[in-house]
Every structure is written in structure tokens, then in C-alpha cells.
Amino acid sequence: MAELIWLVPLLPLLGVVINTLLGLNDLRRSRANAHHDHGHDHGHGHADAHHGHGDNPTSKRSGLIASLMVGLGFVLTLVTLVELLGMPAPTTLGENNRWFDVTYWNWMAFGDLKIPFGFLIDQLSVTMMLLVTGVGTLIHLYAIGYMSHDERPTRFFVYLNLFIVAMLMLVMGNNFVMLFLGWEGVGLCSFLLIGFWFEQRDPPWASVKAFVTNRVGDFGLLMAMFAIYALARKPDGTFLHSLIFREVLDQGTVFSLQQYSTFFMGTQYTAAGAIAFMLLLGVTGKSAQIPLFVWLPDAMAGPTPVSALIHAATMVTAGVYLMIRTHPIFELAPSVQSTVTFIGVATALVAASIALGQYDIKKVLAFSTVSQLGFMVAAVGMGAYVAAMFHLLTHGIFKALLFLGSGSVIHGFGNEQDMRKMGGLRKKMPTTFWTYIVGTMGLIGFPLISGFWSKDEIIGHAFDHDHRTVGILLIVGAVLTSFYMGRQISMVFFGEQRDQHIHAHESSRWMTAPLIGLALLTLASGLINVPGWHPLTTWLEPIVEEEAAKFHLNIAAIVTILGLLAFAAGFYLYNWAAKHKRIKPNQRDLLHHWGGDFYAILEEKWGFDALYNAVLVKPYKALASFFGKFFDVKIIDGIVNGTAELVGLSGRGLRTFQSGYVRSYALMFVIGVVIVLGFFALR
Amino acid sequence: METFLFITTAIVAVGAALAMVLSSNAVHSALFLILNFCSVAILYFLLRAPFLGAVQVTVYAGAIMVLFLFVIMLLGAENAELGEEKIGWQKPAGLILGVALLAEIGYVAYRGTKLIDAPVADATNIGAPTTISAKLFSTYLLPFEVISILLLIAVVGTVVLTRRRVVAREERQS
Amino acid sequence: MNDLTFVTPEINWTVLGMPAFLMIWAMLVLIVDMFTSDRRVLITLSLIGLGVTAALGALDYGSTVSGFSDMLVFDKFGVLVNWILLAGTALTLLIAFDYMPRQNLNQGEFYPLVLFATSGMLFLVQATDLVTIFIGVETLSIALYVLTGFAVPQFKSGEAAIKYLLLGGFAAGFLVYGIALIYGMTGKTNLAQIATELSTWQSTGKALDDPILLAGVGFVLIALGFKVSMFPFHAWTPDVYEGAPTPVTAYMSVATKGAAFAAMLRFLNVAFPALKPEWQLLFGLFAAATMVYGNIVAVAQSNLKRMLAYSSIAHAGYMLLGVLAASEKGISAFTVYLLAYTLTNLGAFAVLIALENRGMPVFELKDLRGLGKRSPLLALAMTVFMFSLAGVPPTAGFASKFGIFRAAWDANLDYLAIIGVITSVVSAFFYLRVIVTMWMRDAEATEPQPTYATASLSLGVLVAVIGIVAVGIAPNIFTDLAKALVLTVAQ
């Protein structure tokens, strides 16, 4: 199987090629048709274009091709898993036999730096691959139904497959540059998919916001790569000059990062600290942590399968993957580790609180995702890598389920996303309702279901390793989570439908079948690392060198009871409100009535967007236009007259550059000369 | 004597250059430029480079400047209209920068070590036509030949730009 | 008069081959142009000439020969840069082929003039003497002044030419002044001999940082910086780029920069490695200012040509990093960057050319609206170009930026590498804006504007796209060539 591992990313790539060709063919044919019946409306500028027409047959065709490719990838990954399991299990701590590293060609070479194009297949990457291809397949199938009324399903599936390719590059690459290739690739696909419905007002700018915010994080990752290249040494003290995981993360090499310190812009840091900090910046971008989380909620402007696949299950977990992959570096930098924990906890709390103030069904889930990512990041910061990975997996499944469920609601509720207009949908959409309940149980940690185990493992680890404050704060986060989920379930599925104009209906089988599949997975996923057996810990142990977490009945009981109480509180509060007609479209929340301005802060997302707008975006634009106007005065149109003769010596022409422009350019030139001469003369 | 001659000529050269820039009458400017060229030619003679000096007078002060004057008078552009100064701070800024540049150059010249002495032995005939031609056709043959290409490009360019205008005018008339 | 010793110089055709052949070929094309006005003949001839010139470089590739009193050199670096310039010229001719007649600029002199300019560039790239550097700069400049004014009945074109000429003359003055000062201090014009002279200074204890010598170095760098539009000597760039016919703009934005940077590399690394701390510091600051200024001001532009002009200023800043790193890595990274930038920028301008109607005075961003629907392939190509300019993997732009920043970081110019990465993050904004406009905005006009994706232009775009993707996926193919590029220090 090791010889065939390249097929896993290649198959979706093949899907991209096939669907692109089919799409181009369609385009040509539709052009020919448009030629025949002229006058037919050929623009699609109207807002609800993606549901404007009847069923689009290309959705099924392209979707099946795309799903098949990802599904085959999943099967191949399973085979690889079995093969890795067949390799001898490690006998001593720190030993690892279950991996292979294949290099296909030398991708880049700059001087002594060689960057291979190759894959590192080990326990960690196979786990990620299973999530990407497995959940990916289900979401692809779901999208066939979801995009069935859309105008451009083929393009959608091309992007979706391309995303899978990039994500696989990210987790399979055997060096930092390959990881970066995937990292940028998923960012690119995310950009394309968020802006997929570009006829509408928000998506294009949401996509730009996502891309630019992510580039800030990418900056950190790139810098970390340079620093690793420049600083890492072999145990004998000579420079390593490599970016390959197995060489850089080798024990002796990594240790060198602590021994040597670097002067970086005038201050001294240990190399490990500097690198870990820059990696962290990359993580905050991709995994939507404070301060760079602002793009993720806006990213919900994309189609719902995208939100489920990219912005909940896979891409946003890339940061967590990166930190686990490079954990030896983080462990040498305790101060950065505590920063990681702090950021994770803060994000978990802030995002969970913002979720209370959202009316859009998807925005609630978006902030919930940010918050749960905060849990994972906090876990990594504390050194609970297995717990983080466990939560990453369970969250990937149940959050995908919740997003797909919300998509089903939106799809069946006339594309309305405002929860204040919904209500009582459990009777109209029974399948969606029950699967949504399962997903919610996973998220709030209902006993014995996925989130119960994984969340508890994180909190338990906090108490076990003297992070008491962290543990308590995370419990608060979990309570908030339960509350907003109770609120959401009540507002969407119970009571009476508040906007009677919309005809609600259950979604098609294409959409409900993956929901059921994911619901079953959610119910079972707790087994991945159930206490007492903990297969995930055993599996990942050679990589993270971590002992199995203990199960704390008392903590689990407290978290669960508090959580269920909060859920009940949220649920009954909003049921009561609905009964007394206190929830109306375009009316603010009940909590605003009681909480006043504090609630308004939640609605405004703690002012992050406004702050960035005021502090970064506006001054930047002002600066740009200032430079543009000040240095680059455009010639007034009146002077630029098409009939004017050659500038030469004719009066008008002469005036053009006599009135100052060439002169001012020369003036700038002389400023430069004065600087150069002054610098050289007066030093 | 030599020093006196140098200082006088240098002052005349600089003064003529300034006057050329500051004069608002194009013909006056051109005449000042001729004066400048001539004084530079004298400097060449002082440096024992008679050939360069002679070339300076015949080619620049003679041929090229006469052509300049012809063009100016033909176009009747003796008095250039100076457009209004649109950017008020520009003149003072230019003045300040000019003074700063001058001060810096002065300082550099003052601080810098003396320029190396020219090879005195050759000084007598370094500027003689034979020496120059010998250098030009042996060591500097390549630059010399490439300059001919440069001039060819300039000629082609001039033709292209002017013929274009003639064609355009004819099109408009017809 | 003492007796005259006339030494007939040895003509070394290996050294002279590339520029000389192209000069002669350009004259040939000029003559053919008198007899036929069929532009197909002219472009075919020109492309053949470019091909043969490139082949001449391949003949002795790998060897290092110096000739003409060491004024000109034939080495790996020179040949590689020359190949990139030749490829850029060929692409320029392809994208200009249908544009010029469409704009009523169907004069045959266009082709020989472009070839002359390129031959000047080849000459400059191979120059190892201050005299030949000056002549190379002037040869290419004069041809470019004319090309800028090629659309002369249009007011902007003439204005741009005059502006370029005036400021170019100004810069040439500094070049000569700088050369004179350096000659005055060292008595040499040959780059390698200057280095030798400076090392004897060192051994005799004479201070190297003599202000006059430094001023000379500074002036030469100013003049070359003007050619590559380095801040603050960049001011001519937007106006000239906007006024010149678009293919000429495309040509100028890549080829001039390449040649002038190559000369700068030789000038700094061969003649003045001893003064490295001095020029690295000052021109490092200029590089930083160039990157920041170009990228920030580009945001405020709604005119596409001006936007690309500022973007080219920014890219000059990035290339300057490779030059200032002054290391083997820096030189090879610069070469790769030049290739990537040449392909990308020419491609981007080619797309603009495909959309430019006759007499359209300005080309605004909003004119791109709905391009994704009107001609998806063109829009797709533009998307590739924009991503490459922004440095998104797996395009050539990423691989080359990566190399440049890493070289800078290695050369202890870490602050420059950081500024470079930050500004390239910023640049993503305005490159992305183009993509968003093309794919996600519908055209306002009910009457769709025609596109002129003719065969030759499409060929040019296709070559550029393939090149960008190839360099992005397997930059090795080229970096292997560019590896171990040590500038020849003769003697």
C-alpha cells in the first residue's frame, strides 16, 4: 500500500480535471443554446440565483464523480491504516516503527536547501487523512442534494475536490514547505468557496476578509520556516539546513533549538521560543483563534457544505495538527505554551459568549466552532495532545453533522437563516430534527456520547496537571455551550413557526442520508478513546509520548450536570419566551431585555470587527489614498486633451510639465540623492 | 598662472550654467550654454587635453548649439511662458535641497582623500589625437562600435517619431 | 610624438556573440522593413533572431570567458539572465503583434527597435566595466524612449516619452558623475580591477570608506536604481507606464529591470564587496521603502495599468533583496525571481491587452467585471497571474519569493525579509481585488466589450501560464541551472 499512497490525493485531483473538462463542455453547449434563443435572460445577478431554477442534472453527475474520488481515497486510507497496524507495535517508550516516508522528486532546491515532494505517513497523518476523506465523502454526497438547484454545481465540486487535495497535502507532506503548500491551498479553496455565491452582496468580501486574515497567519508560518532553516543544528553543532519533519523534529536537533539563542531584531530569544511563537501566529490565523478569528463567522456566507467541511471539520483544525506535529518545539518553550493555553481558553470563552448573541442559525454554529477550537488549542498548550486530537476527531464529526443539519433546515425553510422566524420545525423535518439532537448531544457532552469523553479528557487533564484555573474556565465555556445549544434547539425546532409565509419541508434523501450516517458516527465516536481502552492514546503514543489520561468521575459528573442544567435553562427559557410571544423577527433577544448593554456587546462580537476596522483597515486605506494623492498627482483631464500636439515646445504641452510634474519628480529624485550622499558623507 | 586661469574659467563656467538655467529667454539660455561649453573647453586645454577641447568647441559649441538656436528661432519659442507655479512649496523645497546637495558635495570633497595623481609621464600627450585614437581603436574598440549602434537607434527613433506626426497630420487634412 | 603602437584588439566571438548577433539582426529586420510591410514576416524574422541569439548562449554555456580588455564577460549568470530577457522579448512581440495594428500603430520599426533595446540589455548584462555599463544603459534607454513615444499622436504617449527622456537624462548624469568619481579614486574602470585596487588599499591601511569613493558608488546605484524604479527614484514609473503603449509597458516593466539589476549585481559584488556593510545598510532601507511604498500605493489605484506600475515598483523591492543579499543564494534566487516575474507580469499585461479597445483612454478595474463569464479562459489565466504576483503556492511567484526571502534572511537582512513577507501579505489585497472583480462582479454595460484574444496573444498567455505553473511545481528545473551562480571575478 505504501507504493500506492500517492493515489489518495491524486484521485480527487483527477476529479478536479474530469469535472473541469465536463464543465467547460457544458459551458460551450449552453453558449450554443444561448445563441439560439437570444433575448433570454443571461445574467444571473438576482440574489437567489442558486435556487432560482429547477433541478440541475449536472449536480448529480459531477457530485457523484467527486464523491467517488474522495470515497476511494477513504478506502485507500483505511487500507493504509490496516497496514500500519500490521507493522510491529512499539515496545518501549519513544520507539516508533509504524510509519513510512516516501519522496517522489526533489521539488525545490535553493543552494544547500533541498525540499522534496514527499509524504510522511504515520499515525498522526493517517488519523487526519481518515477524518478528511471520511467526513469529506459524506459531505460531498450531501452537497449533491444541497446544490441540486444551483446554477454551477460542477464548479462547486471542482473547488470541493481541490480543497480535499490541498488538505491532504497539508496533512501528508513530509516537510514544512509541503505543509505550507497545502496550508495556502486550503486557504485558496476556502476563498473560492466562501465567495461561491458571488451574486450576493456579502460573500465576495467575506472571502477576501478570510484570505487576507489568513495571510497574516501565513506570515507567521513562513517566518517560522525561515527561522527553523536558519537556526536548527545537528547534535554535533553544525547547521542542519533542512525543513523535513523527520530531520527537524529529531530529538537531538530540536534540543539544539533550546541551546542556541538568536538575536532577532535586537532582542535575544531562545530559538525554540521564537519559532514556537511564530508558529502560533500561523495557528491563530488558520484555526480562527484570538486575535485572528474574525474571518470565520463571516465565512458562513459560503454554501453550507463548505461550512461543514472546511470551516468546521477539516481546514480549521490544521492549526491544531500543526502544533501537534511540531510539539517537540513547543515543549522547549514553556512561556509560549502558556500563551497557547491562554489564547485557547480566551477564545473558547469569548466565542461561546458571542454565540449567545447570534440570531443566524449558522453564525451560532460558527462561533461554537471557534469556541471548540479554543478547547483544542488550550489542550495542546497544556500538553494534552491526545485529548486535543480526540476532540478534533469527535468535533469534526458532530460539528459537520450540526452544520449539515442547519443546512438542511435552511434548505427546507426557504433559505432563511434567522432563527427568530423559525420554530416548530421538528414536525416538518423529523429526520433533520433527530439527527440535530444527536449532534447537539455530542457537542454539549451528553453522557456516553462523543463530546462527553473528549471534552472531559481535556478538562480532566487540566485538573490533573495543575491547570486548575484553566479547567474551571473551560467548564464555564462548556456551560455556555450547553446554554446556547438549548436556546438554538428551542428556537428552531420547538414552539410555533413564527414566520408563516415560509413553507417548510424535509430535505431530499441525498441530504438526510449523510445526516443519519454522521449521527451514527457521532454516537459511536466516543469509543475512539474511551477510558479504560483508549485505543487512540495507544495509537498516537509513539508520536506524542503521552500516557493515557485518567477518567475522573467527579469532574465528568460536575461538567455533565452543569451542562445539562444549562441546556435545560436555555431550552425552557426560550420555550417560555416563544409561548409568550417574546421572540419576534427583527426584535432583539430576551436576554437583551435583561442584560442590556452587556448583551449588545455580545451581539457586536465584543467589538473585534469594529476595532480592526478602525485601527487597521481605515488608516490603511487612508494612508494609501494619501500617498496616491500626494505623490502621484494625476494630470487633470482638462489638460490631457486628445487633440494636443506632441508635448514638444508647443505652449500647452510645455505648460503641462512646466506646471510642476516632471519637476516634482526630479525633486523627489534629488531628495534621494541628498539622502544617499548625506548617509555616505556624514557617517 | 595656471591656477588663476583655472579659477577664472571655473567661475565663468558655473556662472554661465546658472544663467542658462535661470534665464527666461530661450535664446539667452542657448547662448549661455555656448559660453559654458567654451569655458569647459578651456578647462580641457588646461588639463593638457587639446583634442577634447577642440572637439568640445567644434561639436558642442559649434554644431549642436547652432542647431539648437535654429530650432528655437524657427518655432518662435524665444520667450517660454512660465506656467503658474501650482505647487507652492516646490520652489523653496528645491532651493533647500540644492543647497543641501551643494553642502554635501563640498563636505565630501573636503573630507575625502586627494584624488590619485594622474600618471605624470603620459601627461604631455594624454590628450593628443594620436593617443586617443590609439586607445579608441584598440582597448576601447568595443564601446566605440556599440556607440555607433546607439546613434543608429537614435536616428531610427527620430524618424519614427517625426514621420508619425507627419502621417497623422496628413490624415487629419485629408 | 612618440611612435604609435596600435594593438589590434582580439575579437572574442564567444563573449560578444549574443549582443552582437542581435544588433546585427535588428539592422537586418530594419532593412527588411523597408521592402515589406507584412508584419508576419517581421515578427517571424524577429523571433528567429531571438532564438538564434539564445542558441548562441547555449553553445558555450558553462564556460567563463572574458574579452575586450575584460570589458565584457560570458558566464553562466549572464547567459541565464540573457535567456530570460530573450524569452521576455519574444513574449512581448507575441502579445504586441495584433495590438499594434489595432491601435493604428502598425509601423514596422517597432520590431527592430525592440530588438535593439534587447541587444542593449544583453550588452549591459554581460558588461564588467563601468564604460560598457554606461553604454549598455544608454543603448537600452534610447530605444525605450522612442518605444514609449511610439503612440505619439496620443497625447499621453508623447508626454510619457518626454518625461522619461528628461528624468532618464537626469539619472544618466548621475551615472557618469559616479563613474568619474570612482575612476578618480581608483584609476580603474574595470570592475575586477577596482576590487583589486581596493584590496591593495586595505593592505596598505588606507581607509576604504572614503567619502568620495562612497559618493561614486552611491551615484552609480542611484542611476541604476532609477532604471529599476527603486524608491525614491521611481516617480516616473506610473506616468510612463500609463502613457506608453501597453506592450511596451509590459516589456519595460520586466526587461529593463532585469538588465539593470544584473548590472547592479555585478557592480556591487565584483567591484565593491569590500564596502558591503555600507551599501547593504543604506540600500536595504531603500529596498524596504520600495516594498512598502509600492504595495501601499497600489491599493489606492483604480487604473489597472497604474496598479501594475506600482506593483512593479514593489517587485523591484523584492528583487533588490536578492541583489543586496550578495551571496550565491541571493544571486540564484534573484535569477529565479526574474524569470517568475517576467512570465507573470508579461502575462498580466497580455490580458489587459486582450481587453484594450482602440482609443480607450484609461483602463479601470471595473472594466474587468464579468470577465469570468465573458471569457473564462482569459480570466483563469489572469487569476493565475494575480496569484503568482501575490506569491500564492504552487505558482512561480511563491517559489521565487520564498527563495528571495530566505536568501535575505540568511544574509542577516532579517528585517528586510520580514518587511518583504508583510508587504506581500498586504499585496494580496489588491491582487485579490482583481480576481474578485473578474469572477464575482457582473458587468454593468449591457453591451459586452469585445475581447481580442487573438492567436498570437493566446500563445503568449499560454506560454506564460505553463511557465508559471512549471516553475511553481518544479522550480528545480530552473534552480538547478541557476545554482552555483558565482559572478566571475576575473583574474
Interchain contact, Leu213(C) with chain B, by part (heavy-atom threshold 4.5 Å) = neither
Using non-hydrogen atoms only, which part of Ile105(B) is less than 4.5 Å away from chain C: side chain, backbone, both, or neither?
-> side chain
Look only at the side chain of Thr189(C) and the backbone of Leu130(C), and say whether a donor-acceptor pair between them is shorter than 3.5 Å.
-> no
Pair Thr118(C), Thr89(C): side-chain N/O donor-acceptor within cut-off below 3.5 Å = yes
Answer yes or no: is there a donor N or O on one side and an acceptor on the other, between the side chain of Gln126(C) and the main chain of Val15(C), under 3.5 Å?
-> yes
Part of Leu30(C) lying under 4.5 Å from any heavy atom of chain B | side chain
Interface residue of largest heavy-atom contact number with chain C, from Leu142(B), Leu152(B), Leu141(B), Thr158(B), under 4.5 Å = Leu142(B)
Can you tell which part of Phe110(C) gets under 4.5 Å to a heavy atom of chain B, answering side chain, backbone, both or neither?
-> neither
Can you tell which part of Leu72(C) gets under 4.5 Å to a heavy atom of chain B, answering side chain, backbone, both or neither?
-> side chain
Do other residues, nucleotides or ligands put more than 12 heavy atoms under 6.0 Å from the OH atom of Tyr60(B)?
-> no
Expected output: side-chain Asp129(C) to main-chain Asp70(C) donor-acceptor under 3.5 Å | no
Leu113(C) versus chain B, heavy atoms under 4.5 Å apart: side chain, backbone, both or neither?
-> side chain
Apply side-chain hydrogen bond (donor to acceptor under 3.5 Å, both in side chains) to Ser141(C) and Lys227(C), showing your working.
-> CA-CA 9 Å; Ser141(C) 299; Lys227(C) 286 289 163 211; 2.9 Å; yes
